[in-house]
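Computation of the quantities below employed the complete heavy-atom set of this structure, encompassing side-chain atoms and omitting hydrogens, waters and symmetry-equivalent molecules. Read the numbers this way: they start at 1 and go in the same order the structure lists the ligands and their atoms.
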Amino acid sequence: MPVPGPSISLRELSRDYGTVRAVDSVSLEIPAGALVALVGLSGSGKSTLLKMINRLVEPTSGTIRIGDEAVDSIDAHVLRRRIGYVFQNIGLFPHMTIARNIAIGLELAGEMTGRDERIAQLLDLVELPQEMASRMPDQLSGGQQQRIGVARALATRPGLMLMDEPFGALDPVTRDNLTEQYKALHQKLGLTTIIVTHDMAEALYLADRILVMEGGQIKADATPAQLLSGNVGEEAEALVAIPRAQAAHLIALGKQA
Ligand code: ADP
Ligand code: MG
């Protein structure tokens with residue numbers, strides 16, 4: 001088994017933008033190797049929470065520890081090499097080959113030895129053919145580009161992956177495939193992953209723990225089974241009601257046929 005990714009600990013973490021409190025005193029313990037989904041409506045503070053972990057946003061107050069290190073004691077460049085970050089419309093560099101796009105983090109870190117082998121390995125990991133290495137980004141589909149985004153994020157062998165609606169812009173079939181394959185990758189590499197999604201159905205399928213965020217606070221923290229069985233608060237229930245109603249609707253339609 002691979003070495004598990006790090007644990008993460010947030011203590012009374014807050015972030016204000018002017019008078020808006022985007023994240024409001026969040027305390028959380030995420031164990032090493034967990035796959036956690038962060039779910040909530042637009043504007044609930046999910047992206048801000050994630051970006052404080054890799055220091056793209058500085059907290060107004062509170063602390064973040066990765067393993068036993070406070071993130072503000074780690075050089076930001078070093079920190080970001082240890083944390084993979086994937087977001088919607090990942091934005092590959094259009095004038096660079098796929099190979100260079102994947103290896104950009106290694107280049108920046110001056111890790112050029114074994115670069116080509118690493119690129120080949122990463123293409124395998126994200127289940128893309130080797131011939132993609134020499135292509136340009138605009139020759140890839142949206143789903144393939146997001147796979148390259150995942151490969152790029154994994155290039156420096158981070159233990160922690162932060163994913164912000166990584167497959168949100170893709171068609172549902174591609175998205176389901178990528179979600180499923182990411183889950184396998186998370187397990188295979190022993191990563192710790194926090195994945196933001198506004199889709200409760202995806203979270204229920206993917207994660208071993210779901211955090212429901214509203215107004216900058218964590219309103220529910222439960223396993224998928226606990227969320228489905230109810231009694232975890234109205235915010236969570238409102239989000240679970242959507243896939244539940246869709247499933248009921250499909251079953252009813254099936255009976256009419
Ligand atoms: P989510 O990812 O759940 O949609 P965000 O973390 O992006 O939520 O935003 C949370 C709140 O903080 C929202 O009210 C948003 O408008 C505000 N916000 C986010 N980023 C900024 C920013 N850079 N400047 C000002 N307000 C921001
Ligand atoms: Mg967001």
| query | If we ignore angles and hydrogens, is there a donor and acceptor under 3.5 Å between the side chains of Ser27 and Glu12? | reply | no
| Option passing side chain to side chain contact (heavy atoms under 4.5 Å, CB included) with Arg147 (candidates Leu123, Val126, Leu125, Ile98) | Val126
| request: Please check if any side-chain donor atom of Asn231 sits under 3.5 Å from a side-chain acceptor atom of Glu237, or the reverse. | output: no
| message | Which residue in the set Met200, Arg244, Glu234, Glu214 passes side chain to side chain contact (heavy atoms under 4.5 Å, CB included) when paired with Leu239? | response | Met200
| query | Taking any residue with a non-hydrogen atom under 4.0 angstrom from an atom of ligand 1, which ones do you get? | reply | Tyr17, Val20, Ala22, Leu41, Ser42, Gly43, Ser44, Gly45, Lys46, Ser47, Thr48
| query | Residues two or more places apart in sequence or in another chain: which of them pass side-chain contact (heavy atoms from CB on, under 4.5 Å) with Thr63? | reply | Arg11
| said: So if I apply the side chain to side chain contact (heavy atoms under 4.5 Å, CB included) rule between Leu13 and each of Thr60, Asp24, Leu49, which one comes out positive? | reply: Leu49
| query | Any N/O/S atom of Ser42 sitting less than 2.8 Å from the Mg ion (ligand 2), backbone or side chain? | reply | no
